[in-house]
Structures are given as C-alpha cells and as structure tokens.
J.: 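One structure follows; several queries about it will come next.
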Protein chains: 2
Amino acid sequence: MKEGPDIARIGTLIGDPARANMLTALMGGQALTATELAQAAGVTLQTTSSHLSKLEDGGLISQRKQGRHRYFALADTQTGALLEAIMGFAASRGHLRHRPGPKDPALRKARVCYDHLAGDYGVRMLDSLIASGAIRADGTELSLTPEGKRRLSEVGITLTAPTSSRRPLCKSCLDWSERRSHLAGVVGKALLAHFLGKGWARRSDDSRAVLFKPEGERMFLSLFPAGPTAPDA
Amino acid sequence: MKEGPDIARIGTLIGDPARANMLTALMGGQALTATELAQAAGVTLQTTSSHLSKLEDGGLISQRKQGRHRYFALADTQTGALLEAIMGFAASRGHLRHRPGPKDPALRKARVCYDHLAGDYGVRMLDSLIASGAIRADGTELSLTPEGKRRLSEVGITLTAPTSSRRPLCKSCLDWSERRSHLAGVVGKALLAHFLGKGWARRSDDSRAVLFKPEGERMFLSLFPAGPTAPDA
DNA sequence: GGAATGCTTCGGCTACGATCGAACTATGAA
DNA sequence: TTCATAGTTCGATCGTAGCCGAAGCATTCC
C-alpha cells in the first residue's frame, strides 16, 4: 500500500482552491508577481506567500527575483502539461467553474513596467536591438555595444554619468504578457522617456497602458524593425 | 480568476492520503470491495465508505453491486492514465513515499498499470514491438501494423471486434519508474491477459507487481528481444 | 425465522491547514 | 536620510474534513 510516488502530495497542492487559481493563472505562461497572484486567487498577500512557498517546495513553480519584485512561473513544461491533463479530465467529468470578462488589449500591446516599456512593443524593441547589434545578449546579461551607444546618441539620447549609479545600463526584464524579456535598466528607462518626451506616445490615465499616436507608431516601428525572432534570454 | 475546469476538486479528491492509497490500489486494475480498500488505505470501513462515495461523486471510480458485495473500480482508462501521469510527475519531483523496500525492485521490473503491463518489462515490450515493425510509432500515436496483427494471431491473441469499441487498439502510457512509454490500449490489455492466462506470470497478492516465472520470463524475453533502444514516443 | 456478513449513515470528536493582522526585511525612490 | 512598495514570517483564529463508535439497512446463509 505504501508503494510508488506520492500522488497525495501533488493532489493536496493542486486541491486548494486558492492554489488552483494561482496555477490556473500561471497556465497562461506568464510569470506573475505575488501581488498579481494574490488578486487572481482572491486572498491576501500573506496567504499567497504561504501558498507560493508550498508550491515551490513541491516543485510546481519556480521564482525569479528581479529588483523588489518576484516573478513566479510554472516550474517547467511538464508541470504545464500535467495541469492541462487534469483540466481535461475535470472537464470530462463536468467539473467546471464560472467565466469572467475579457482583458485590456492595450495593456498587452504596450505598457509601462516601472519606468520602461513592456508588452508586445517592449519585447519587439529588445529583439530588434539585439538583432541590429546595438545590444549583446550573453545569457541573462545584456550589454550595450559601442554601436548601440552610437545609435542612441544619434537618436538624441545621452546617458547621464553611467558610473554614478549602481543601476546597470541594460537589464532584461520578464514580460508578463509576452512571457519573454524586454529591456529594462538605464537605457530602457531613457528610451521610454524619449518616446513620451517626443510625443510619440502617452500614458493612459487609469492604467499602465502606453498609447501610441499614429505617427509615433510609425517612427517606433521603423526604428525597431521586426527581425528574425531571437531566442529569449 | 474563475475560469476553466475545476482542477481543485480533482486535486482534493486525490490529495487525501487514504483516498490516494485506494486509488493506487485500484490502479492494479482489479475491482476491489470496500473492505479490501479499507485495508489498503489503513482506515476503518466507515471512513472508507465516506471516501468511496466522494470518489464516485467526483467521477473517479464506479461501483458494481453483486450480491452483498460492492465492487469498486476506476471509472475508466482515462482515470488510470491520469493517475499514472500524476505518479510520473510526482516521481520526477522526488515525491516518493516508500522507503526503498524489497517490493520496490519487483514493481520497477514489471507491474500492472490498470489493465496493461508497465515497468521495465512494459517499456521493453513496446520498444521491441516497434523495433520489429509490429507497431508503428507516429509521434505519440501508436498503430498496429498488418505485420503486428499477424504476429499477435500467431501467438494466439485474437482481438475482439475492433470497431465496436471507441477504445484505441494501441496507446502509449507514460511509465513513472522508467519515464518512458509503454503499451496501453486494447492490445496492451490483451497481451497482459495472455501472459497471465498462459501462466507465464502471476499477479502479486499485495501489490501491483507482476511476478514472472522462470520459464515465462524466458518466453517473454525471446518474444520481445531487446533491440536498439528507440527514442521515446 | 434468526444470525452473520457487507456496507452505509449518523453524531461527535479532533486536528490540520487556510486565513488574516501585525510586525519585519528588502529594494527602490525622493 | 525618509518614505513607499513588495514580500515574508509570526501568531492566533476558525472551519472544515477526516476519523471512529454506534446504530441502521441490506443481503445471504442456516
């Protein structure tokens, strides 16, 4: 009777409604913060923290620290496949829940991530910068090349005293809507500031969305042409 | 946040140790009485009765009255496949509840997976069938070739009305101890029944292990020679 | 009929774990 | 420095689910 793998442990982890909600939210493939997961699960941050550590101990999720944020994601594709299988089984037995409303497409297109650009456009921008040789990706590390420095000054971006701050020039940041990295750091901040300062885009009043004007969108797309999609850092 | 299938319900059902023990016992493929399941789970009959009604409500098991007995079994092969998948996942995360005891090697060598053969021998059998051209692997899909059909009838296995059932002839099932696929489906079931019927092997009384007799083992090994290890389906 | 077996239902006990408030740590911004 | 945000840890509460004893059906055997 005490043979084989401990399925009860996996079952218990998935069996709590709050944890199931978190895992379901993570099935989107996006890495989410604890705060976002708390909202998804409908519990407080303290409770969420407890659940997340249990899920991590159980090997269902993994976390990635990034500044004062912690991004949580499913541990691997095998975990996603398992959840998918259980969902399929539950559906086949008629165990369904309710349905909510849609999400804001503008947020997914372009939004502010603290101080830099995220979303589809943010990911596209980093891809393009890497493809054109302005930024060199070495694992998770990003570094600005001389060529990149030249291009920035061409556009009119001057970097203020790089050594004064401990903050790195370039940094990769995980994108929750795209599940890929976008550009953070001093350069990322400067680029977003540039777009806003030039009037290419403006921030939404009631959300983190960045709304591009038609001409700004044209400028952005020509400045960062979509190259061959690079593998994510 | 409340979208999609209710995986928490399935998780809760599997998450209780007593219920997990019962389900594991039922993975042997045989229908068991409430008393037998109570023994397997290590709880009293009253408690078992409560668990069984929950499992039945959840669609994981079904019961069949027969005289003053009630036989409980897994609801269907899909349920068996789900449990096997969870076992594989749990094993991959190191969630094992056994202390490596004497029964363990026997289980890893050959065991019953609901209604077909699993373990080292199960994996070997499928490898051999594919290598000899009896079964064709196309991604995850397995199909019986005319050559395979011929070989089966040679051995004395006749498949009953293939079109009457929606159940596929051949199906791959992930093996938790080997982390590779073994043969499920109608053919997998028929082969196991053949081994047991011919007296090549017998089922262990107290576990899912399949115990081969020396001559049965010789027959098995000659029937399914180890070829070059094929990449897993 | 009565006794025995197989299982379910009822009721009360208990323990575990989910929950949140409050305090604490860490990172970033002004 | 001070303030704000993100998250963890601690402590206490509380609900629920698992558990078993006892009683209640149901079936079979004598």
Side-chain angles (χ1 to χ4, degrees), chain A residues 8-23 31-58 61-73 112-116 160 164-169 171 173-174 176 184-186 188-190 192-193 208, chain B residues 1 8-23 31-58 61-73:
Chain A
R9 178 155 180 202
I10 304 296
T12 301
L13 285 173
I14 299 175
D16 179 78
R19 284 195 291 264
N21 283 334
M22 295 177 192
L23 290 171
L32 300 175
T33 65
T35 305
E36 290 168 323
L37 287 168
Q39 203 165 18
V43 291
T44 63
L45 196 55
Q46 307 95 285
T47 304
T48 301
S49 181
S50 164
H51 284 315
L52 288 174
S53 69
K54 284 174 186 172
L55 287 173
E56 194 176 13
D57 285 345
I61 65 172
S62 62
Q63 65 168 297
R64 183 175 144 188
K65 285 184 78 169
Q66 201 157 27
R68 60 179 162 184
H69 290 274
R70 292 191 183 195
Y71 284 94
F72 294 87
V112 173
C113 181
Y114 311 116
D115 57 4
H116 54 271
T160 53
S164 70
S165 167
R166 274 168 311 182
R167 192 173 178 197
L169 280 178
K171 205 176 162 191
C173 180
L174 200 60
W176 64 257
V186 172
K189 178 176 182 177
L192 175 60
R208 288 159 59 192
Chain B
M1 70 172 143
R9 180 157 178 200
I10 304 296
T12 301
L13 285 173
I14 298 174
D16 179 76
R19 285 195 291 265
N21 283 335
M22 296 176 193
L23 291 171
L32 300 175
T33 65
T35 306
E36 289 168 323
L37 288 168
Q39 202 167 16
V43 292
T44 62
L45 197 55
Q46 309 93 286
T47 304
T48 301
S49 180
S50 163
H51 284 313
L52 289 174
S53 68
K54 284 173 186 171
L55 287 173
E56 193 177 12
D57 286 346
I61 65 172
S62 62
Q63 66 166 296
R64 199 174 115 195
K65 287 182 77 169
Q66 200 158 36
R68 59 179 162 184
H69 290 273
R70 291 193 181 193
Y71 285 96
F72 294 87

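To find a chain, count down the sequence lines: A is the first, B the second, and so on, and within it residues start at 1.
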J.: What integer distance in Å separates A/Ile61:CD1 from D/dG7:P?
T.: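 It works out to 12 Å between those atoms.
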
J.: How many Å lie between CG on B/Asn21 and P on D/dC19, as a whole number?
T.: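 Value for this atom pair: 10 Å.
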
J.: When you compare the side chain of A/Ile14 with that of B/Ile10, does any pair of heavy atoms fall below 4.5 Å?
T.: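 SC-SC contact between B/Ile10 and A/Ile14 ruled out.
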
J.: Between atom CZ in A/Arg64 and atom C1' in D/dA6, what is the gap in whole Å?
T.: 17 Å

J.: Considering residues at least two apart in sequence or located in another chain, which fulfil the side chain to side chain donor-acceptor pair (under 3.5 Å) criterion with A/Thr47?
T.: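 A/Thr47 satisfies side chain to side chain donor-acceptor pair (under 3.5 Å) with A/Thr44 only.
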
J.: Looking at every non-hydrogen atom in both residues, tell me the closest pair between A/Ala40 and A/Asn21 and how far apart they are.
T.: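 In this case the closest contact between A/Ala40 and A/Asn21 is O-CB, 3.9 Å.
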
J.: Under the side chain to side chain donor-acceptor pair (under 3.5 Å) test, which residues partner B/Thr33, sequence neighbours left out?
T.: B/Glu36

J.: Can you check the A/Asp57 CG to D/dT9 C1' distance for me, whole Å?
T.: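 Atom CG in A/Asp57 sits about 14 Å away from atom C1' in D/dT9.
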
J.: Under a 3.5 Å distance rule, please check whether A/Thr12 uses its side chain to pair with a backbone N or O of A/Ala8 as donor and acceptor.
T.: yes

J.: In whole Å, I'd like the distance from the NE2 atom of B/His69 to the C1' atom of D/dA26.
T.: 13 Å

J.: If you measure from CG on A/Leu52 to CZ on A/Phe72, what distance do you get to the nearest 0.5 Å?
T.: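 That separation rounds to 4.5 Å.
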
J.: Round to the nearest Å and state the distance from A/Ile14 atom CD1 to C/dA18 atom P.
T.: 14 Å

J.: Quick one: B/Arg9 CZ to D/dA17 P, roughly how many Å, whole number?
T.: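 Going from CZ in B/Arg9 over to P in D/dA17 covers 12 Å.
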
J.: Not counting sequence neighbours, which residues clear side chain to side chain donor-acceptor pair (under 3.5 Å) with A/Ser62? List them please.
T.: none

J.: Using modelled atom types only, decide if a donor and an acceptor are shared between the side chain of B/Arg19 and the backbone of B/Leu13 within a distance under 3.5 Å.
T.: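 Yes, because the side chain of B/Arg19 sits within donor-acceptor range (under 3.5 Å) of the backbone of B/Leu13.
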
J.: side-chain contact (heavy atoms from CB on, under 4.5 Å) with A/Ala18: which residues, sequence neighbours excluded?
T.: A/Asp16, A/Ala41, A/Val43, A/His51

J.: On the nucleotide D/dA26, are OP1 or OP2 found under 4.0 Å from the side-chain N or O atoms that B/Arg70 carries?
T.: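 Negative; the distance criterion is not met.
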
J.: Under 4.0 angstrom, heavy atoms only, what part of the nucleic acid is B/Thr33 near: base, sugar-phosphate, or nothing?
T.: sugar-phosphate

J.: In residues 43-55 of chain B, what residues come within less than 4.0 Å of DNA chain C, judged by heavy atoms?
T.: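 DNA chain C contact set from residues 43-55 of chain B: B/Leu45, B/Gln46, B/Ser49.
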
J.: Just how far, in rounded Å, is P of C/dG17 from CG of A/Asp16?
T.: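 So the CG-P distance, A/Asp16 to C/dG17, works out to 11 Å.
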
J.: Would you write out the dot-bracket form of DNA chain C, 5' to 3', with Watson-Crick and G-U pairs under 3.5 Å, [ ] for crossing pairs, | for pairs to other strands and . for unpaired bases?
T.: ||||||||||||||||||||||||||||||

